[in-house]
> 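Have a look at this one.
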Amino acid sequence: MASQTAVQSGFVTRFAPSPTGLLHKGHAYSALQAFRAARSANGRFLLRIEDIDTTRCRPEFTEAIFEDLAWLGLDWEKPVRVQSRHFDDYRNSLLRLQELDVVYPCFCTRKEIHAEIARSPSAPHGPDGPLYPGTCRKKSKDERQSRIQSGEAHAWRLDLTTALSITGHGLTWVDTERGEIAATPEELGDVVLARKDTPTSYHLSVVHDDALQGISHVVRGEDLFHATHIHAVLQNLLGFPAPTYSHHGLLTDDSGKRFAKRDKALTLRSIRESGISPDVLIGSLKLD
(Lines give C-alpha, C1' and ligand atoms only; values in the text may rest on other atoms or scores of the structure.)
Protein backbone atom coordinates (compact mmCIF):
# COMPACT_ATOMS: atom_id res chain seq x y z
CA MET A 1 0.00 0.00 0.00
CA ALA A 2 2.77 2.43 0.82
CA SER A 3 4.00 2.23 -2.78
CA GLN A 4 0.66 3.52 -4.14
CA THR A 5 0.83 7.06 -2.74
CA ALA A 6 0.40 8.65 -6.19
CA VAL A 7 -3.13 7.27 -6.52
CA GLN A 8 -4.18 7.03 -2.90
CA SER A 9 -7.31 8.67 -1.56
CA GLY A 10 -7.43 10.85 1.52
CA PHE A 11 -8.45 7.88 3.68
CA VAL A 12 -5.90 7.31 6.45
CA THR A 13 -6.37 4.93 9.34
CA ARG A 14 -4.22 3.19 11.90
CA PHE A 15 -3.84 0.26 14.27
CA ALA A 16 -2.40 1.41 17.58
CA PRO A 17 -1.66 -1.40 20.06
CA SER A 18 0.07 -1.08 23.42
CA PRO A 19 3.03 -3.45 23.85
CA THR A 20 2.04 -4.71 27.31
CA GLY A 21 1.73 -8.31 26.18
CA LEU A 22 1.33 -10.50 23.12
CA LEU A 23 -1.42 -9.82 20.61
CA HIS A 24 -4.46 -12.10 20.59
CA LYS A 25 -7.30 -12.88 18.17
CA GLY A 26 -9.17 -9.73 19.17
CA HIS A 27 -6.20 -7.62 18.13
CA ALA A 28 -6.00 -9.48 14.83
CA TYR A 29 -9.67 -8.73 14.21
CA SER A 30 -9.22 -5.01 14.90
CA ALA A 31 -6.01 -4.69 12.87
CA LEU A 32 -7.56 -6.47 9.90
CA GLN A 33 -10.68 -4.32 10.09
CA ALA A 34 -8.55 -1.18 9.83
CA PHE A 35 -6.23 -2.61 7.18
CA ARG A 36 -9.09 -3.76 4.98
CA ALA A 37 -10.91 -0.45 5.37
CA ALA A 38 -7.80 1.36 4.12
CA ARG A 39 -7.32 -1.06 1.26
CA SER A 40 -10.98 -0.81 0.22
CA ALA A 41 -10.75 3.00 0.15
CA ASN A 42 -7.38 2.93 -1.64
CA GLY A 43 -6.02 4.74 1.38
CA ARG A 44 -3.18 4.47 3.85
CA PHE A 45 -2.71 2.16 6.82
CA LEU A 46 -0.41 3.19 9.67
CA LEU A 47 0.89 1.30 12.67
CA ARG A 48 1.45 3.22 15.89
CA ILE A 49 2.95 1.84 19.10
CA GLU A 50 1.19 3.34 22.12
CA ASP A 51 3.76 2.64 24.83
CA ILE A 52 3.29 5.60 27.17
CA ASP A 53 2.98 3.21 30.13
CA THR A 54 6.72 2.69 30.47
CA THR A 55 6.30 0.45 33.53
CA ARG A 56 4.29 -2.20 31.64
CA CYS A 57 5.37 -1.88 28.02
CA ARG A 58 8.30 -3.98 26.81
CA PRO A 59 10.46 -3.77 23.64
CA GLU A 60 10.05 -7.51 23.09
CA PHE A 61 6.28 -7.05 22.86
CA THR A 62 6.77 -4.31 20.26
CA GLU A 63 8.86 -6.70 18.17
CA ALA A 64 6.21 -9.37 18.62
CA ILE A 65 3.58 -6.95 17.28
CA PHE A 66 5.61 -6.47 14.09
CA GLU A 67 6.04 -10.24 13.71
CA ASP A 68 2.38 -11.06 14.30
CA LEU A 69 1.02 -8.41 11.94
CA ALA A 70 3.46 -9.41 9.19
CA TRP A 71 2.38 -13.04 9.65
CA LEU A 72 -1.22 -11.93 9.11
CA GLY A 73 -0.15 -10.38 5.80
CA LEU A 74 -0.39 -6.74 6.85
CA ASP A 75 2.07 -4.06 5.78
CA TRP A 76 2.31 -0.49 6.95
CA GLU A 77 4.17 2.73 6.35
CA LYS A 78 7.58 3.36 7.89
CA PRO A 79 8.75 4.72 10.19
CA VAL A 80 6.34 3.57 12.87
CA ARG A 81 5.47 6.23 15.44
CA VAL A 82 6.47 5.06 18.93
CA GLN A 83 4.81 7.30 21.48
CA SER A 84 7.44 7.00 24.24
CA ARG A 85 9.91 8.77 21.92
CA HIS A 86 7.69 11.84 21.66
CA PHE A 87 6.79 12.84 25.21
CA ASP A 88 7.76 16.44 24.47
CA ASP A 89 4.96 16.60 21.89
CA TYR A 90 2.40 15.69 24.52
CA ARG A 91 3.90 18.10 27.04
CA ASN A 92 3.33 20.87 24.50
CA SER A 93 -0.31 19.89 24.06
CA LEU A 94 -0.75 19.79 27.84
CA LEU A 95 0.84 23.24 28.05
CA ARG A 96 -1.71 24.57 25.57
CA LEU A 97 -4.49 23.22 27.77
CA GLN A 98 -2.88 24.76 30.84
CA GLU A 99 -2.77 28.11 29.06
CA LEU A 100 -6.50 27.74 28.38
CA ASP A 101 -6.97 27.03 32.11
CA VAL A 102 -8.96 23.88 31.37
CA VAL A 103 -6.82 21.50 33.44
CA TYR A 104 -5.97 21.38 37.13
CA PRO A 105 -3.49 19.43 39.27
CA CYS A 106 -4.96 16.54 41.23
CA PHE A 107 -3.11 15.37 44.33
CA CYS A 108 -5.54 12.62 45.32
CA THR A 109 -4.31 9.05 45.68
CA ARG A 110 -6.49 6.20 44.44
CA LYS A 111 -7.22 5.33 48.06
CA GLU A 112 -8.40 8.85 48.79
CA ILE A 113 -10.59 8.91 45.69
CA HIS A 114 -12.22 5.60 46.62
CA ALA A 115 -12.83 6.83 50.17
CA GLU A 116 -14.44 10.03 48.91
CA ILE A 117 -16.70 8.09 46.55
CA ALA A 118 -17.66 5.70 49.37
CA ARG A 119 -18.79 8.70 51.44
CA SER A 120 -21.09 9.76 48.59
CA PRO A 121 -23.34 6.84 47.63
CA SER A 122 -25.05 9.03 45.03
CA ALA A 123 -21.78 9.89 43.29
CA PRO A 124 -22.21 9.94 39.49
CA HIS A 125 -21.11 6.87 37.56
CA GLY A 126 -19.80 6.53 34.02
CA PRO A 127 -19.32 3.52 31.75
CA ASP A 128 -16.19 2.51 33.68
CA GLY A 129 -17.52 3.08 37.19
CA PRO A 130 -17.70 6.01 39.62
CA LEU A 131 -16.46 9.36 38.33
CA TYR A 132 -13.78 11.42 40.03
CA PRO A 133 -15.61 13.57 42.61
CA GLY A 134 -13.75 16.78 41.75
CA THR A 135 -11.96 17.14 45.09
CA CYS A 136 -8.94 19.02 43.77
CA ARG A 137 -10.97 21.13 41.35
CA LYS A 138 -12.09 23.14 44.37
CA LYS A 139 -8.58 23.98 45.59
CA SER A 140 -7.26 27.52 45.25
CA LYS A 141 -4.54 28.40 42.78
CA ASP A 142 -2.23 29.33 45.65
CA GLU A 143 -2.64 25.91 47.27
CA ARG A 144 -2.13 24.14 43.96
CA GLN A 145 1.04 26.08 43.22
CA SER A 146 2.44 25.55 46.70
CA ARG A 147 1.91 21.80 46.57
CA ILE A 148 3.43 21.53 43.08
CA GLN A 149 6.48 23.54 44.16
CA SER A 150 6.93 21.25 47.15
CA GLY A 151 7.28 18.32 44.77
CA GLU A 152 4.04 16.61 45.70
CA ALA A 153 3.00 13.92 43.23
CA HIS A 154 0.05 14.93 41.10
CA ALA A 155 -1.86 14.26 37.93
CA TRP A 156 -3.40 16.79 35.55
CA ARG A 157 -7.14 16.46 35.06
CA LEU A 158 -9.42 18.01 32.50
CA ASP A 159 -11.70 20.61 34.07
CA LEU A 160 -14.68 19.55 32.03
CA THR A 161 -16.99 22.32 33.20
CA THR A 162 -14.52 25.01 32.16
CA ALA A 163 -13.70 23.17 28.94
CA LEU A 164 -17.35 23.03 27.93
CA SER A 165 -17.75 26.73 28.68
CA ILE A 166 -15.22 27.24 25.86
CA THR A 167 -16.33 24.56 23.40
CA GLY A 168 -20.03 24.81 24.11
CA HIS A 169 -22.32 21.84 24.73
CA GLY A 170 -23.18 21.22 21.09
CA LEU A 171 -20.16 19.16 20.09
CA THR A 172 -20.78 16.19 17.83
CA TRP A 173 -18.76 13.45 16.20
CA VAL A 174 -19.50 10.98 13.42
CA ASP A 175 -19.63 7.20 13.69
CA THR A 176 -20.01 5.30 10.43
CA GLU A 177 -22.56 2.89 11.90
CA ARG A 178 -24.55 5.26 14.11
CA GLY A 179 -24.33 8.56 12.27
CA GLU A 180 -23.82 11.91 13.98
CA ILE A 181 -23.37 11.52 17.74
CA ALA A 182 -23.98 14.28 20.26
CA ALA A 183 -20.92 14.40 22.51
CA THR A 184 -21.71 13.70 26.15
CA PRO A 185 -18.29 13.93 27.84
CA GLU A 186 -20.01 14.19 31.22
CA GLU A 187 -20.09 10.39 31.05
CA LEU A 188 -16.36 10.36 31.87
CA GLY A 189 -15.99 13.58 33.87
CA ASP A 190 -12.66 15.14 34.76
CA VAL A 191 -10.40 12.52 33.20
CA VAL A 192 -6.64 12.35 33.80
CA LEU A 193 -4.62 13.85 30.93
CA ALA A 194 -1.12 13.50 32.39
CA ARG A 195 0.78 12.38 35.46
CA LYS A 196 3.91 13.73 37.07
CA ASP A 197 6.00 10.80 35.80
CA THR A 198 4.19 10.43 32.45
CA PRO A 199 3.36 13.68 30.62
CA THR A 200 0.33 12.26 28.85
CA SER A 201 -2.56 9.84 29.08
CA TYR A 202 -4.25 7.75 26.42
CA HIS A 203 -6.81 10.49 25.79
CA LEU A 204 -4.25 13.24 25.19
CA SER A 205 -1.69 11.23 23.22
CA VAL A 206 -4.21 9.58 20.90
CA VAL A 207 -5.90 12.87 20.04
CA HIS A 208 -2.52 14.51 19.41
CA ASP A 209 -1.18 11.68 17.25
CA ASP A 210 -4.33 11.20 15.19
CA ALA A 211 -4.11 14.89 14.26
CA LEU A 212 -0.36 14.80 13.67
CA GLN A 213 -0.59 11.75 11.43
CA GLY A 214 -3.56 13.01 9.47
CA ILE A 215 -5.84 10.15 10.53
CA SER A 216 -9.13 10.61 8.69
CA HIS A 217 -10.85 7.45 9.95
CA VAL A 218 -10.37 5.78 13.31
CA VAL A 219 -11.28 2.08 13.24
CA ARG A 220 -11.26 0.61 16.75
CA GLY A 221 -13.25 -1.53 19.18
CA GLU A 222 -16.55 -0.49 20.68
CA ASP A 223 -14.92 -0.57 24.13
CA LEU A 224 -13.47 2.84 23.20
CA PHE A 225 -16.78 4.30 22.00
CA HIS A 226 -17.31 6.34 25.19
CA ALA A 227 -13.76 7.73 25.09
CA THR A 228 -14.64 9.47 21.84
CA HIS A 229 -16.88 11.89 23.73
CA ILE A 230 -13.82 13.21 25.59
CA HIS A 231 -11.73 13.14 22.43
CA ALA A 232 -14.23 15.46 20.74
CA VAL A 233 -13.69 18.01 23.52
CA LEU A 234 -9.90 17.80 23.34
CA GLN A 235 -9.91 18.08 19.55
CA ASN A 236 -11.98 21.24 19.77
CA LEU A 237 -9.82 22.80 22.50
CA LEU A 238 -6.58 22.04 20.67
CA GLY A 239 -7.84 22.99 17.22
CA PHE A 240 -7.43 19.46 15.86
CA PRO A 241 -9.59 18.04 13.06
CA ALA A 242 -12.06 15.35 14.10
CA PRO A 243 -11.73 11.99 12.30
CA THR A 244 -14.67 9.84 11.34
CA TYR A 245 -15.00 6.88 13.71
CA SER A 246 -15.94 3.26 13.20
CA HIS A 247 -16.33 1.24 16.40
CA HIS A 248 -16.50 -2.45 15.63
CA GLY A 249 -17.78 -5.22 17.88
CA LEU A 250 -15.40 -7.15 20.11
CA LEU A 251 -14.48 -10.79 19.71
CA THR A 252 -15.40 -13.07 22.60
CA ASP A 253 -14.63 -16.66 23.51
CA ASP A 254 -17.19 -19.45 23.69
CA SER A 255 -18.33 -18.26 27.11
CA GLY A 256 -18.91 -14.71 25.87
CA LYS A 257 -15.82 -13.35 27.62
CA ARG A 258 -13.67 -10.79 25.80
CA PHE A 259 -10.24 -11.93 24.71
CA ALA A 260 -7.44 -10.63 26.94
CA LYS A 261 -3.65 -10.63 26.82
CA ARG A 262 -3.54 -12.89 29.85
CA ASP A 263 -5.17 -15.68 27.78
CA LYS A 264 -1.84 -17.02 26.58
CA ALA A 265 -3.27 -19.96 24.64
CA LEU A 266 -5.10 -17.52 22.38
CA THR A 267 -2.16 -15.29 21.48
CA LEU A 268 -1.24 -14.96 17.83
CA ARG A 269 2.19 -16.33 18.64
CA SER A 270 0.77 -19.50 20.17
CA ILE A 271 -1.64 -19.89 17.26
CA ARG A 272 1.19 -19.44 14.78
CA GLU A 273 3.44 -21.90 16.62
CA SER A 274 0.66 -24.48 16.67
CA GLY A 275 0.87 -24.63 12.87
CA ILE A 276 -2.39 -22.88 12.06
CA SER A 277 -2.04 -20.82 8.89
CA PRO A 278 -2.92 -17.10 8.80
CA ASP A 279 -5.61 -17.85 6.19
CA VAL A 280 -7.33 -20.29 8.54
CA LEU A 281 -7.18 -17.83 11.42
CA ILE A 282 -8.47 -14.95 9.30
CA GLY A 283 -11.30 -17.12 8.03
CA SER A 284 -12.32 -17.91 11.62
CA LEU A 285 -12.62 -14.22 12.46
CA LYS A 286 -15.62 -13.72 10.15
CA LEU A 287 -14.60 -10.21 9.15
CA ASP A 288 -17.21 -7.89 7.69
Side-chain angles (χ1 to χ4, degrees), residues 12-14 16 48 50 52-53 81 83-84 86-108 124 126-128 131-141 144-145 148 154-175 178-218 220 224-247:
V12 186
T13 192
R14 74 326 189 252
R48 184 165 74 221
E50 297 193 342
I52 59 173
D53 186 349
R81 183 169 176 87
Q83 288 186 332
S84 63
H86 302 282
F87 280 146
D88 283 346
D89 288 356
Y90 312 128
R91 287 189 182 95
N92 289 335
S93 283
L94 180 64
L95 179 60
R96 290 169 63 187
L97 296 175
Q98 290 171 333
E99 291 170 346
L100 289 172
D101 200 25
V102 294
V103 293
Y104 60 89
C106 175
F107 306 93
C108 299
D128 299 321
L131 301 186
Y132 175 68
T135 307
C136 287
R137 189 193 320 120
K138 307 164 189 174
K139 298 188 183 302
S140 69
K141 289 189 176 181
R144 294 173 181 175
Q145 191 62 29
I148 290 174
H154 60 280
W156 286 95
R157 288 186 179 273
L158 177 67
D159 185 336
L160 186 59
T161 299
T162 301
L164 291 177
S165 73
I166 295 174
T167 66
H169 290 261
L171 294 176
T172 62
W173 52 278
V174 175
D175 185 275
R178 311 184 200 193
E180 187 175 26
I181 307 292
T184 54
E186 298 86 354
E187 294 180 13
L188 286 89
D190 290 3
V191 297
V192 170
L193 297 182
R195 301 187 185 280
K196 184 179 180 181
D197 53 348
T198 306
T200 187
S201 69
Y202 167 75
H203 297 300
L204 184 59
S205 58
V206 74
V207 164
H208 176 280
D209 283 355
D210 283 345
L212 177 73
Q213 296 185 291
I215 302 300
S216 65
H217 289 73
V218 173
R220 62 188 182 190
L224 293 169
F225 180 87
H226 293 284
T228 315
H229 295 289
I230 286 291
H231 298 174
V233 176
L234 294 175
Q235 287 157 357
N236 186 281
L237 291 170
L238 293 167
F240 293 156
T244 296
Y245 292 87
S246 178
H247 293 93

> What are the two closest heavy atoms between E50 and A16, and how far apart are they?
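So the two residues come closest at OE2-CB, 3.3 Å.
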> Apply side chain to side chain contact (heavy atoms under 4.5 Å, CB included) to the pair L212 and F240, showing each step before the final yes or no.
CA-CA 9 Å; L212 177 73; F240 293 156; over 6 Å; no
> Using side-chain heavy atoms (C-beta onward) and a distance below 4.5 Å, is L237 in contact with L158?
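They are in side-chain contact.
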> Please determine whether side chain to side chain contact (heavy atoms under 4.5 Å, CB included) holds for the pair D89 and R81, giving the CA-CA distance in whole Å, both sets of side-chain angles, and the decisive distance to 0.1 Å.
CA-CA 12 Å; D89 288 356; R81 183 169 176 87; 2.8 Å; yes
> Under the salt bridge (charged side-chain N to carboxylate O under 4.0 Å, His left out) rule, collect the residues that match up with R137, sequence neighbours excluded.
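With sequence neighbours excluded, R137 shows a salt bridge (charged side-chain N to carboxylate O under 4.0 Å, His left out) to D190, given in chain and number order.
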> Could you pull out all residues at least two apart from H154 that satisfy ring-ring contact (aromatic ring centres under 6.0 Å, His included)?
F107, W156
> Could you state the interatomic distance from OG (S205) to NE2 (H203), rounded to the nearest 0.5 Å?
9.5 Å
> How would you list, by chain and number, every residue that makes a salt bridge (charged side-chain N to carboxylate O under 4.0 Å, His left out) with D210, sequence neighbours excluded?
R14, R48
> Tell me the side-chain hydrogen bond (donor to acceptor under 3.5 Å, both in side chains) pairs involving residues 166-175, sequence neighbours left out?
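Qualifying pairs: T172-E180, W173-H229, D175-H247.
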> Which residues satisfy the side chain to side chain donor-acceptor pair (under 3.5 Å) test with T162, sequence neighbours excluded?
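Expected list: D159.
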> Mind checking what makes side chain to side chain donor-acceptor pair (under 3.5 Å) contact with R91, not counting sequence neighbours?
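D88.
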> Quick check: closest heavy atoms across V103 and Q98, and the distance to 0.1 Å?
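Looks like CG2-CG, 3.4 Å.
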> Is there a donor-acceptor pair closer than 3.5 Å between any side-chain N or O of S216 and the backbone N or O of V12?
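Yes, S216 side chain to V12 backbone: donor-acceptor pair under 3.5 Å.
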> Which pair of non-hydrogen atoms, one from P199 and one from A194, has the smallest distance, and what is that distance?
C-CB, 3.6 Å
> Show, in sequence, the C-alpha distance, side-chain angles and deciding distance for L97 and L234, and conclude whether the side chain to side chain contact (heavy atoms under 4.5 Å, CB included) test is met.
CA-CA 9 Å; L97 296 175; L234 294 175; 4.2 Å; yes
> Could you work out, with side chain to side chain donor-acceptor pair (under 3.5 Å) as the rule, every residue matching D128, not counting sequence neighbours?
none
> To the nearest 0.5 angstrom, please state how far the OG1 atom of T13 sits from the CD atom of Q213.
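It is 10.5 Å, given to the nearest 0.5 Å.
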> Is it the case that the side chain of R144 and the backbone of Y104 share a donor-acceptor pair, with hydrogens and angles ignored and the cut-off at 3.5 Å?
no
> Can you list the steps and then say if L204 with S93 is a side chain to side chain contact (heavy atoms under 4.5 Å, CB included)?
CA-CA 8 Å; L204 184 59; S93 283; 4.0 Å; yes
> What side-chain hydrogen bond (donor to acceptor under 3.5 Å, both in side chains) pairs are there with at least one residue in residues 193-202, not counting sequence neighbours?
Y202-R220
> Work out which heavy atom in V233 is nearest to a heavy atom in A163; give both atom names and the distance.
CG1-CB, 4.1 Å
> As an exercise, state the distance from CG of L164 to CD of E186, rounded to the nearest 0.5 Å.
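So the gap between those two atoms works out to 5.5 Å.
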> side-chain contact (heavy atoms from CB on, under 4.5 Å) with P127: which residues, sequence neighbours excluded?
E187, H226
> Would you mind reporting whether H208 and L238 have side-chain heavy atoms less than 4.5 Å apart?
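With C-beta onward as the side chain, the pair stays apart.
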> Under the side-chain contact (heavy atoms from CB on, under 4.5 Å) rule, collect the residues that match up with A242, sequence neighbours excluded.
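Testing A242 for side-chain contact (heavy atoms from CB on, under 4.5 Å), a comparison that skips the adjacent residues, returns Q235.
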> Report the residues that fulfil ring-ring contact (aromatic ring centres under 6.0 Å, His included) with F87, sequence neighbours left out, ordered by chain and then residue number.
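Partners of F87 by the ring-ring contact (aromatic ring centres under 6.0 Å, His included) criterion come out as none, since no residue qualifies.
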> Hey, what do you get for OG (S246) to CZ (R178), rounding to the nearest 0.5 Å?
10.0 Å
> Report the residues that fulfil salt bridge (charged side-chain N to carboxylate O under 4.0 Å, His left out) with K141, sequence neighbours left out, ordered by chain and then residue number.
D101
